[in-house]
A.B. asks: 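Quick one: structure below, then a few questions.
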Amino acid sequence: MKIEVDSRALSEMSGDWLVIGLDERTILGEPVTLLDRELQGLLQRLIDNQDFTGKTGELVTIPGITGLDISRIALLGLGDPEKISPQNLLRCLVHSLRKITDKAVQRLVFHPWDMVTNSSLNPRRAAQIISQGAVMSGIGQGLYQTTQKRFEIGELVLTISPDSDSQDLKKALREGEIIGRGINIARTLINEPASRIFPESFAEIATSIAQEHNLHCHVFDESELRKEKMEAVLAVGCSSDQPPRMVLLEHNPNRDQSPPLVLVGKGVTFDSGGLSLKTAEGMQTMKCDMSGAATVLGAMQAIAELNLPVRVMGLMGLAENMPSSKAMKVGDVIRARNGVTIEVLNTDAEGRLILADALSYAVDLGASHIVDLATLTGACVVALGNDVTGVMSNNQSWADQVIRAAGESGEPVWQLPLFEEYYELIRSQVADIKNIGGRAGGAITAGKFLEQFVGTTPWVHLDIAGPAFAENSTVWGESGATGCMVATLVSLSSHFTHINKEVAPSME
Ligand code: BES
Ligand code: ZN
Ligand code: ZN
């Protein structure tokens, strides 16, 4: 997407669309008032006649504009100015721009200032969100439809006032675009069927993204997984004809040895449940079970493109969970990389097995902090619904940083406790622990399981089983993969040097 800023009068702009953002007070600022004169007061009439009220997500389109170089105008409602937040703005954009990107869009001019100026959002952050939303609105899950239904915006032009810092706003637009592209990488990988995305093909895509963006990349094949004692990853992956992999990416701009932030992702490219087979319905969306790994990959690309001054590693555990005569059996005991023995009482609780090895490996990499992302439990969806990510942690100040980054990125999250009592639910009579904890507190017992593999390293687990994939379009978002938490990881990484200095010492 090309990006431009333009300080000329609105009547001098050119493009397929001019989108004007207004909150529900519907007060036209000077640039729009001047434009409206050229339009013989059309916009004010729409407002006076209540044909546009500025309520959240409202979009009134006016095609067939004459006398200007703009073909169509859209009024976009942003609701209560007191409530305009990153989340609200992003949702309004994604929702409304979808009605615009269902046709080819060469050039879209955005004038958000009549609402942004009056809200708590600063112009820079607003510009970032606008370009992120514009990029996100250009793709959907209809990857294999013969008739294209979604089109990427060719060029985004942000109007600016002559006295604003045009370079800084352009930079902010560029940053939002990079985050949007990271999100779209994750969405596309998740939306692709499991026949196309399996451990080896995922690893190849990660390798080529790494080459393109100057990330160090290492792919562990089966023999290396064996050498690294990743028995749990091998146990999940061994039943499939598609062999398991682990991918490690590194962004290290200063080429130093500072303890890295390690992002860990569950990458089950298809989760049939294994011998503890899922129902036909339960399997329908299970191509999305590599969302954690896709999120890490999308975030790593954005972190590299933004060249954030921080050492970040991305670790993706990849396997296909299938039933076969080679499959891991119920009652098997496996020894994870850190020596903890696990009794497998349900082969459908496979994500935590992969993460057990990946988290142990992250600790051995010398991680200063860890975040893992996984479509881990249906129980988290029961607890928090489809839109909210579950947060669990062994370190409250690290959890607070992640929660703050999610807030800045407009992504809803909610913390669940990891009280000591829950450990009793995963104690095994045969091995150290078992991989299921019963019906009660299922998201938490999964989190408690993961905690056994991070030692004392500050760690946050994000259960994205609900928000990673939307079965149906909602008023806010396109159906299919959402790319949730990519923006949060980027925001978290951008604050990380600071976090390291200010918070890490007190956490020792
Ligand atoms: N991949 C699933 C969890 C999931 C469910 C993701 C719904 C997205 C939407 C995971 O591997 C799984 O099957 N978990 C089991 C755990 C149970 C056997 C303890 C579950 O949640 O039912
Ligand atoms: Zn499963
Ligand atoms: Zn799974």
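Atoms within each ligand, like the ligands themselves, are counted from 1 in listed order.
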A.B. asks: Of the side chain and backbone of Met283, name the one, both, or neither that has a heavy atom under 4.0 Å from an atom of ligand 1.
C.D. replies: neither

A.B. asks: Is the closest basic N to carboxylate O distance between Glu478 and Arg187 below 4.0 Å?
C.D. replies: no

A.B. asks: I need the protein N, O or S atoms closer than 2.8 Å to the Zn ion (ligand 2), given as residue plus atom name.
C.D. replies: Asp271 OD2, Asp348 O, Asp348 OD1, Glu350 OE1

A.B. asks: Among all protein heavy atoms, pick out the one at the shortest distance from atom 8 (C) of ligand 1; state its residue, atom name and that distance to 0.1 Å.
C.D. replies: Met286 CE, 3.6 Å

A.B. asks: Looking at every heavy atom in both Leu121 and Ile84, which two are closest together, and how far apart are they?
C.D. replies: CD1-CG2, 4.0 Å

A.B. asks: Could you report the tightest heavy-atom contact between Glu320 and Ser240, atom names first, then the distance?
C.D. replies: OE1-OG, 2.6 Å

A.B. asks: Would you say Asn435 has any N or O atom under 3.5 Å from an N or O of ligand 1, going by distance alone?
C.D. replies: no

A.B. asks: For atom 10 (C) of ligand 1, what's the nearest protein heavy-atom neighbour? Residue, atom name and distance, please.
C.D. replies: Leu376 O, 3.3 Å

A.B. asks: Going by the order shown, which atoms of ligand 1 are within less than 4.0 Å of some heavy atom of Ile436?
C.D. replies: 19 (C)

A.B. asks: Walk me through it: do Leu365 and Leu248 pass the test side chain to side chain contact (heavy atoms under 4.5 Å, CB included)?
C.D. replies: CA-CA 11 Å; Leu365 284 168; Leu248 175 63; 3.9 Å; yes

A.B. asks: Heavy atoms only, cut-off 4.0 Å: how does Gln284 contact ligand 1, side chain, backbone, both, or neither?
C.D. replies: neither

A.B. asks: Just jot down the ligand 1 atoms closer than 4.0 angstrom to any heavy atom of Asn346, in number order.
C.D. replies: 18 (C)

A.B. asks: Regarding Tyr422 and Glu451, is there a side-chain donor-to-acceptor distance under 3.5 Å anywhere?
C.D. replies: no

A.B. asks: Salt-bridged, Lys278 to Asp348, with N to O below 4.0 Å?
C.D. replies: yes

A.B. asks: Would Arg352 count as a contact residue for ligand 1, given that I'm defining contact as a non-hydrogen atom of the residue lying under 4.0 Å from a ligand atom?
C.D. replies: yes

A.B. asks: Under 4.0 angstrom from ligand 1, any heavy atom of Arg439?
C.D. replies: no

A.B. asks: Just distances here: any N/O of Glu350 and N/O of ligand 1 closer than 3.5 Å?
C.D. replies: yes

A.B. asks: List every atom of ligand 1 that sits less than 4.0 Å from any heavy atom of Lys278, numbering the atoms from 1 in the order shown and giving each element.
C.D. replies: 2 (C), 12 (C), 13 (O)

A.B. asks: May I ask you to identify the nearest protein heavy atom to atom 15 (C) of ligand 1, giving residue, atom name and distance to one decimal place in Å?
C.D. replies: Asp348 O, 4.1 Å

A.B. asks: Can you check whether Glu228 reaches Arg337 side chain to side chain, under 4.5 Å on heavy atoms?
C.D. replies: yes

A.B. asks: Are Tyr361 and Phe453 close enough that their ring centres sit under 6.0 Å apart?
C.D. replies: no

A.B. asks: Using a distance-only test with no angle check, is there a side-chain donor-acceptor pair under 3.5 angstrom linking Asn395 and Ser397?
C.D. replies: yes

A.B. asks: List every atom of ligand 1 that sits less than 4.0 Å from any heavy atom of Lys266, numbering the atoms from 1 in the order shown and giving each element.
C.D. replies: 1 (N), 10 (C), 11 (O)

A.B. asks: In the protein, what heavy atom is nearest to atom 20 (C) of ligand 1, and what distance, to one decimal place, separates them?
C.D. replies: Gly378 N, 3.9 Å

A.B. asks: Does atom 13 (O) of ligand 1 have a protein heavy-atom neighbour under 4.0 Å away?
C.D. replies: yes

A.B. asks: Nearest heavy-atom pair of Gly140 and Arg150: which atoms, and what distance?
C.D. replies: N-CG, 3.8 Å

A.B. asks: Any ion pair linking Glu408 and Arg125 (charged N to carboxylate O, less than 4.0 Å)?
C.D. replies: no

A.B. asks: Considering only protein heavy atoms, which is closest to atom 2 (C) of ligand 1, and at what distance to one decimal place?
C.D. replies: Asp271 OD2, 3.5 Å

A.B. asks: Are Arg181 and Glu305 close enough for a salt bridge, meaning some N to O gap below 4.0 Å?
C.D. replies: yes

A.B. asks: Give the contacting part of Val268 toward ligand 1: side chain, backbone, both or neither, where contact means a heavy-atom distance below 4.0 Å.
C.D. replies: neither

A.B. asks: Between side-chain atoms of residues 202-213 and protein atoms elsewhere (two or more places apart, or another chain), which donor-acceptor pairs fall under 3.5 Å?
C.D. replies:
| unit_1 | atom_1 | unit_2 | atom_2 | d |
| --- | --- | --- | --- | --- |
| Thr207 | OG1 | Ala203 | O | 2.6 |
| Ser208 | OG | Ile205 | O | 3.1 |

A.B. asks: Provide the closest heavy-atom pair for Ile303 versus Ser493 in the form atom of the first, atom of the second, distance.
C.D. replies: CD1-OG, 3.3 Å

